[in-house]
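Just follow the structure's listing: the first ligand is 1, and inside any ligand the first atom is 1.
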Amino acid sequence: MGKLEGKYAIITGGGKGIGESIVKRFLEDGIGGIAVLEYDLNLAKEMITRLDTSDAEVLAIQCDVSNDNQVEKAVSQAMKHFGTVDILVNNAGITQDSMFHKMTDEAWDAVINVNLKGAYYLCKHVVPIMRKNAFGKIVNISSISAFGNVGQANYAASKAGLIGFSKTLAKEGGPKNINVNCVAPGYIETDMYKTVPTEIIEEHIKNTPLRRLGKPHEIASVVSFLSSDDASFLSGQCITVSGAATT
Ligand code: NAD
């Protein structure tokens with residue numbers, strides 16, 4: 001029996017990268033169904049074609065997580081389709097990097113609105129369902145940049161915000177059997193990371209004691225663990241998955 005059997009999940013930004021790997025891992029772990037809330041619906045549809053989804057339904061829903069109306073509609077569409085939400089993974093994220101003294105208000109707002117406010121909107125609509133069910137697992141994807149990283153003041157603030165947000169929801173949701181945790185990936189080979197210049201990549205590898213970049217599936221396995229009853233007494237934590245790298 002898969003460790004996520006009979007469970008229904010919502011994952012944001014699941015069309016590629018770490019999100020796609022989480023969808024794949026959830027399917028391997030026997031999930032009942034997954035709603036993928038994606039900004040780019042084509043990405044989600046292509047992802048579903050790439051994965052073997054014969055044992056569980058993966059529902060692609062177009063949704064910009066920084067838009068409360070769209071999130072509300074997407075959550076009710078997932079509820080209508082699957083009947084419940086047991087697991088929520090806030091994975092959608094963007095970067096708009098620059099040194100702080102050159103950072104625009106637009107870049108600040110865009111990153112905070114997707115990475116932090118997006119998770120807030122999802123939780124706003126999903127936590128009441130979990131409280132009613134007296135069951136829930138929430139995993140928020142943070143980053144080692146949360147602990148400070150040159151050129152990423154907006155991103156670091158959003159990812160550090162997610163840690164405080166998660167620890168607070170864990171304290172409030174605990175009495176209702178809701179576990180809330182963060183995963184803070186290090187340097188992971190995805191499209192987001194492809195924008196990093198080669199010399200910086202070499203520096204990142206040098207700063208990673210395991211001496212390589214991480215793979216998306218190495219984040220997905222930890223997210224699946226945190227979403228399962230194997231982690232039933234684990235809540236309010238931020239698990240760094242970085243090959244021992246710090247920023
Ligand atoms: P990615 O760019 O490959 O994928 C991000 C996904 O989020 C895409 O499918 C994109 O369409 C979706 N998305 C973006 N904005 C959205 C919005 N407004 N609404 C809905 N979906 C949206 O990136 P990734 O590397 O797979 O990153 C996944 C998560 O992991 C992000 O939160 C990122 O910050 C975090 N992370 C990544 C790394 C890394 O090195 N790749 C390191 C630490 C943390």
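From the protein, the heavy atom lying nearest to atom 23 (O) of ligand 1 is Met192 CB, 3.4 Å. The protein heavy-atom contact nearest to atom 26 (O) of ligand 1 is Ile18 N, 2.8 Å. At the shortest separation from atom 42 (C) of ligand 1 among protein heavy atoms lies Gly186 O, 3.0 Å. Scanning all protein heavy atoms for the shortest distance to atom 19 (N) of ligand 1 gives Val65 N, 3.0 Å. Of the protein's heavy atoms, Gly13 O, 3.6 Å lies nearest to atom 6 (C) of ligand 1. Looking only at heavy atoms of the protein, atom 40 (O) of ligand 1 is closest to Ile188 N, 2.9 Å. Of the protein's heavy atoms, Tyr39 CB, 3.7 Å lies nearest to atom 16 (C) of ligand 1. At the shortest separation from atom 13 (N) of ligand 1 among protein heavy atoms lies Ala92 CB, 4.0 Å.
Residue Ile141 approaches ligand 1 through these ligand atoms, each under 4.0 Å from one of its heavy atoms: 29 (C), 30 (O), 35 (C). Under a 4.0 Å criterion applied to the non-hydrogen atoms of Glu38, ligand 1 contributes the atoms 8 (C), 9 (O), 10 (C), 11 (O), 12 (C). Taking every non-hydrogen atom of Asp64 and a distance limit under 4.0 Å, the qualifying atoms of ligand 1 come out as 17 (C), 18 (N), 19 (N). Near Leu43, the atoms of ligand 1 lying under 4.0 angstrom from a non-hydrogen atom of the residue are 9 (O), 11 (O). Heavy-atom contacts of Ile94 reach the following atoms of ligand 1: 14 (C), 15 (N) (cutoff under 4.0 Å). The ligand atoms of ligand 1 that sit less than 4.0 angstrom from a heavy atom of Ser142 are 44 (C).
In terms of N/O distances under 3.5 Å, ligand 1 is not approached by Gly19. When only interatomic distances are considered, the shortest N/O to N/O separation between Tyr193 and ligand 1 does not fall below 3.5 Å. Some N or O of Tyr155 is nearer than 3.5 Å to an N or O of ligand 1, by distance alone.
In this structure, the separation between CD1 on Ile129 and NE2 on His125 is 9.5 Å, given to the nearest 0.5 Å. The CG atom of Asn179 lies 9.5 Å from the CD1 atom of Ile138; values are rounded to the nearest 0.5 Å. Taking NZ of Lys159 as the start and CG of Asn154 as the end, the distance is 11.5 Å to the nearest 0.5 Å. In this structure, CD1 on Ile22 lies 4.0 Å from CD1 on Ile11, to the nearest 0.5 angstrom. Between Asn90 atom CG and Asn140 atom CG the span is 4.5 Å, to the nearest 0.5 Å.
Within a 6.0 Å radius of CZ in Phe147, more than 12 heavy atoms belonging to other residues, nucleotides or ligands are found. Summarising the local packing, NZ of Lys167 is surrounded by more than 12 heavy atoms from other residues, nucleotides or ligands at distances under 6.0 Å. Within a 6.0 Å sphere centred on NZ of Lys3, other residues, nucleotides and ligands contribute more than 12 heavy atoms. Tyr39 OH: 12 or fewer foreign heavy atoms inside a 6.0 Å radius.
Tyr193 has its ring centre less than 6.0 Å from the ring centre of His204.
Taking the ring axis of Phe135 as reference, the NZ or CZ atom of Lys7 stays within 45° of it and closer than 6.0 Å to the ring centre.
Using 4.0 Å as the threshold, Ala184 has no heavy atom nearer than that to any atom of ligand 1. Residue Pro216 places no heavy atom under 4.0 Å from ligand 1. Proximity of Lys159 to ligand 1 is established by a heavy-atom distance of less than 4.0 Å.
Lys24 and Glu28 are joined by a salt bridge, as a carboxylate oxygen and a charged side-chain nitrogen come within less than 4.0 angstrom of each other. Under the 4.0 Å criterion applied to side-chain N and carboxylate O atoms, Glu218 and Arg212 are assigned as salt-bridge partners. A salt bridge is absent between Lys16 and Asp40: the closest approach of a Lys/Arg side-chain nitrogen to an acidic carboxylate oxygen does not fall below 4.0 angstrom.
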Apply salt bridge (Lys or Arg N to Asp or Glu O under 4.0 Å) to Asp229 and Lys137, showing your working.
CA-CA 9 Å; Asp229 280 334; Lys137 310 278 187 188; 3.3 Å; yes
Show the numbers, then the answer: is there a salt bridge (Lys or Arg N to Asp or Glu O under 4.0 Å) between Glu189 and Lys194?
CA-CA 7 Å; Glu189 278 181 272; Lys194 270 186 196 148; over 6 Å; no
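When non-hydrogen atoms are compared, ligand 1 lies under 4.0 Å from neither the backbone nor the side chain of Ile144. With a 4.0 Å cut-off on non-hydrogen atoms, Val114 touches ligand 1 through its side chain and not its backbone. For Glu189, no heavy-atom contact with ligand 1 is shorter than 4.0 Å. Using a 4.0 Å cut-off between heavy atoms, Thr190 contacts ligand 1 through its side chain alone, with no backbone atom that close. Contacts with ligand 1 closer than 4.0 Å are made by backbone heavy atoms (N, CA, C, O) of Cys63 only, the side chain lying farther away. When heavy-atom distances to ligand 1 are checked against a 4.0 Å cut-off, Asn91 comes that close through both its backbone and its side chain.
In this structure, of Pro185, Gly118, Gly17, the residue bringing a heavy atom nearest to atom 43 (C) of ligand 1 is Pro185.
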